[in-house]
Amino acid sequence: MLLKEYRICMPLTVEEYRIGQLYMISKHSHEQSSDGEGVEVIINEPYESAVHGKGQYTEKRVYLNRKLPAWIRGFIPKIFYITEKAWNYYPYTVTEYTCSFLPKFQIRIETKFENNNGSNAQVFGDKPTPEDDVCFVDIAADDITEGYYKKSEDLRSFHSVKTGRGPLLDNWRETSEPIMCSYKLVAAKFEVYGFQSRVESFVHKNIRDILLAGHRQAVAWMDEWYGMSLEDVRRFEKKLQEETNCKVNSQKKTQVPDFLLCS
């Protein structure tokens with residue numbers, strides 16, 4: 001198992017990001033879904049835990065065959081998806097990824113959001129994550145993969161009309177007000193001899209790329225969601241989930257036999 005802690009700061013408050021996160025996830029999933037690949041929402045409903053209280057439970061299928069490297073595609077089915085289960089007790093969430101075809105594959109992400117610049121070394125308990133396993137992700141300065149880059153989402157030139165925030169220049173994490181941090185403890189496990197290290201490293205690289213892209217978008221799209229209520233963003237979420245499911249399913253139906261669609 002390969003364990004890393006990611007810390008991603010944003011010029012937002014934790015309360016603001018509650019709306020921004022829901023908006024970003026919905027829009028990002030919608031943009032990344034096409035031609036039978038992307039995110040299909042299976043369940044999205046209120047959930048209550050005896051430990052964490054009221055929250056939201058979601059279950060999704062992530063279809064990504066064409067986004068995998070050739071050395072992985074060689075031993076998986078053509079119609080391939082990962083199941084995502086998430087328990088959102090904001091500002092604390094747990095997300096798990098599994099695959100029925102690969103029972104020894106699992107990703108678990110524990111997330112906590114705090115109003116600081118990533119300075120809490122004990123956010124996940126009394127024993128800090130070893131420094132070598134802590135990765136600060138800079139949404140303004142870090143290089144982003146070509147497929148995710150958009151000039152309109154470059155936070156070095158970003159400026160929010162509604163809030164006056166941005167652009168994010170050198171040392172922005174020390175000077176920005178407000179400032180918050182998304183702390184993510186990510187455990188990737190693939191217990192298959194000969195592939196474990198390679199797959200776990202590949203998973204972490206892609207998780208980091210996705211975290212960088214998603215948190216950049218949450219800030220870059222700030223003027224689209226800022227001022228929305230929780231009810232507003234839930235309506236937006238429901239609308240885009242229905243559209244995204246249609247995009248994914250319209251292509252799946254042309255690729256999968258009818259008896260599999262009904263199973």
Side-chain angles (χ1 to χ4, degrees), residues 8 10 12 16-47 55-68 79-88 90 93 95-97 99 107 109 111 113 137 139 144-155 158 160 162 182 184 206-256 261:
I8 313 102
M10 293 174 286
L12 302 169
E16 288 171 345
Y17 188 56
R18 184 177 191 181
I19 305 299
Q21 180 193 42
L22 293 172
Y23 184 95
M24 175 270 292
I25 290 173
S26 298
K27 184 174 177 179
H28 178 87
S29 296
H30 189 266
E31 286 189 347
Q32 295 296 312
S33 299
S34 63
D35 299 328
E37 297 211 346
V39 181
E40 179 185 13
V41 180
I42 307 300
I43 301 172
N44 186 353
E45 62 188 16
Y47 184 86
Q56 194 82 4
Y57 170 74
T58 58
E59 184 173 329
K60 303 175 183 178
R61 291 178 180 175
V62 185
Y63 298 86
L64 40 61
N65 190 290
R66 285 197 296 272
K67 294 183 179 180
L68 297 173
I79 305 300
F80 170 78
Y81 66 83
I82 290 173
T83 298
E84 174 194 289
K85 296 182 180 181
W87 296 263
N88 186 345
Y90 198 88
T93 69
T95 308
E96 295 179 351
Y97 296 88
C99 175
I107 303 169
I109 303 176
T111 304
F113 304 104
V137 178
I139 59 175
I144 191 166
T145 56
E146 184 177 350
Y148 283 121
Y149 180 80
K150 293 182 181 179
K151 186 174 178 57
S152 62
E153 297 169 4
D154 191 328
L155 301 183
F158 153 84
S160 166
K162 289 185 177 180
S182 172
K184 292 183 176 285
N206 280 270
I207 285 175
R208 187 192 177 283
D209 289 345
I210 292 168
L211 292 177
L212 175 58
H215 286 78
R216 279 169 60 107
Q217 290 175 329
V219 175
W221 296 338
M222 187 186 303
D223 285 349
E224 298 177 28
W225 58 259
Y226 192 85
M228 294 177 80
S229 67
L230 186 58
E231 291 73 22
D232 291 336
V233 78
R234 285 296 184 194
R235 283 194 293 269
F236 174 83
E237 178 186 53
K238 186 174 185 296
K239 177 178 179 292
L240 258 66
Q241 284 178 357
E242 291 171 351
E243 293 178 4
T244 302
N245 282 2
C246 285
K247 289 171 71 174
V248 174
N249 285 318
S250 64
Q251 291 297 320
K252 277 169 38 187
K253 288 177 181 177
T254 67
Q255 301 173 26
V256 187
L261 291 172

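When reading the values below, keep in mind they use all heavy atoms of this one structure, side chains included, and skip hydrogens, waters and symmetry mates.
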Legend entry - Any residue meeting side chain to side chain contact (heavy atoms under 4.5 Å, CB included) with Gln241, in chain and number order, not counting sequence neighbours: Val41, Asn44, Glu237
Inset, instruction - Return the orientation label for the Tyr17 and His215 ring planes: parallel under 30°, perpendicular over 60°, tilted otherwise. - result: parallel
Inset, instruction - Sort and list the pairs that fulfil salt bridge (charged side-chain N to carboxylate O under 4.0 Å, His left out) and have at least one residue in residues 209-226, not counting sequence neighbours. - result: Lys27-Glu224, Lys205-Asp209
Legend entry - Non-hydrogen side-chain atoms of Arg234 and Leu22 separated by less than 4.5 Å: yes
Inset, instruction - Report the residues that fulfil salt bridge (Lys or Arg N to Asp or Glu O under 4.0 Å) with Arg18, sequence neighbours left out, ordered by chain and then residue number. - result: none
Legend entry - Distance, nearest 0.5 Å, that separates CG of Leu240 from CD1 of Ile25: 12.5 Å
Inset, instruction - Drop me the distance from Ile139's CD1 to Phe158's CZ, to the nearest 0.5 angstrom. - result: 8.5 Å
Inset, instruction - For Met24 and Gly214, work out which heavy atoms get closest and say how close. - result: CG-O, 3.3 Å
Legend entry - Partner set under side chain to side chain contact (heavy atoms under 4.5 Å, CB included) for Thr111, not counting sequence neighbours: Thr93, Ile109, Phe113, Ser182, Lys184
Legend entry - Ala218 to Gly20 - nearest heavy-atom pair and separation: CB-O, 4.4 Å
Inset, instruction - Could you tell me whether the side chain of Ser29 and the main chain of Val39 form a donor-acceptor pair under 3.5 Å? - result: no
Legend entry - Closest non-hydrogen atom pair, Trp225 against Glu16: CZ3-O, 3.3 Å
Inset, instruction - Output all residues satisfying salt bridge (Lys or Arg N to Asp or Glu O under 4.0 Å) with Glu243, sequence neighbours left out; order by chain, then residue number. - result: Lys239
Legend entry - Polar side-chain atom of Lys247 near backbone of Ser33 as donor-acceptor pair, under 3.5 Å: yes
Inset, instruction - To the nearest 0.5 angstrom, please state how far the CD atom of Gln21 sits from the OG atom of Ser26. - result: 10.0 Å
Legend entry - Derivation and outcome, side-chain contact (heavy atoms from CB on, under 4.5 Å), residues Ile82 and Arg61: CA-CA 6 Å; Ile82 290 173; Arg61 291 178 180 175; over 6 Å; no
Legend entry - Counterpart residues, salt bridge (Lys or Arg N to Asp or Glu O under 4.0 Å), relative to Lys238 (two or more places apart): Glu242
Inset, instruction - Could I get the full list of ring-ring contact (aromatic ring centres under 6.0 Å, His included) partners for Tyr226, not counting sequence neighbours? - result: none
Legend entry - Those residues that, when tested against Lys150, pass side chain to side chain donor-acceptor pair (under 3.5 Å) (two or more places apart): Glu31
Inset, instruction - Could I get the full list of side chain to side chain contact (heavy atoms under 4.5 Å, CB included) partners for Ser229, not counting sequence neighbours? - result: Glu231, Asp232
Inset, instruction - State, to 0.1 Å, how close Ile107 and Ile207 come at their nearest heavy-atom pair, and which atoms those are. - result: CG2-CD1, 3.9 Å
Inset, instruction - Mind checking the CD-NE2 spacing from Gln217 to His28? Nearest 0.5 Å is all I need. - result: 5.5 Å
Inset, instruction - Tell me, please, which residues at least two apart from Tyr47 pass side chain to side chain donor-acceptor pair (under 3.5 Å). - result: none
Inset, instruction - Kindly compute the distance separating OH (Tyr81) from NZ (Lys60), expressed to the nearest 0.5 Å. - result: 16.0 Å
Legend entry - Tyr57 and Asn88: side chain donor to acceptor below 3.5 Å: no
Legend entry - OH on Tyr148 to CD1 on Ile210, rounded to 0.5 Å: 4.5 Å
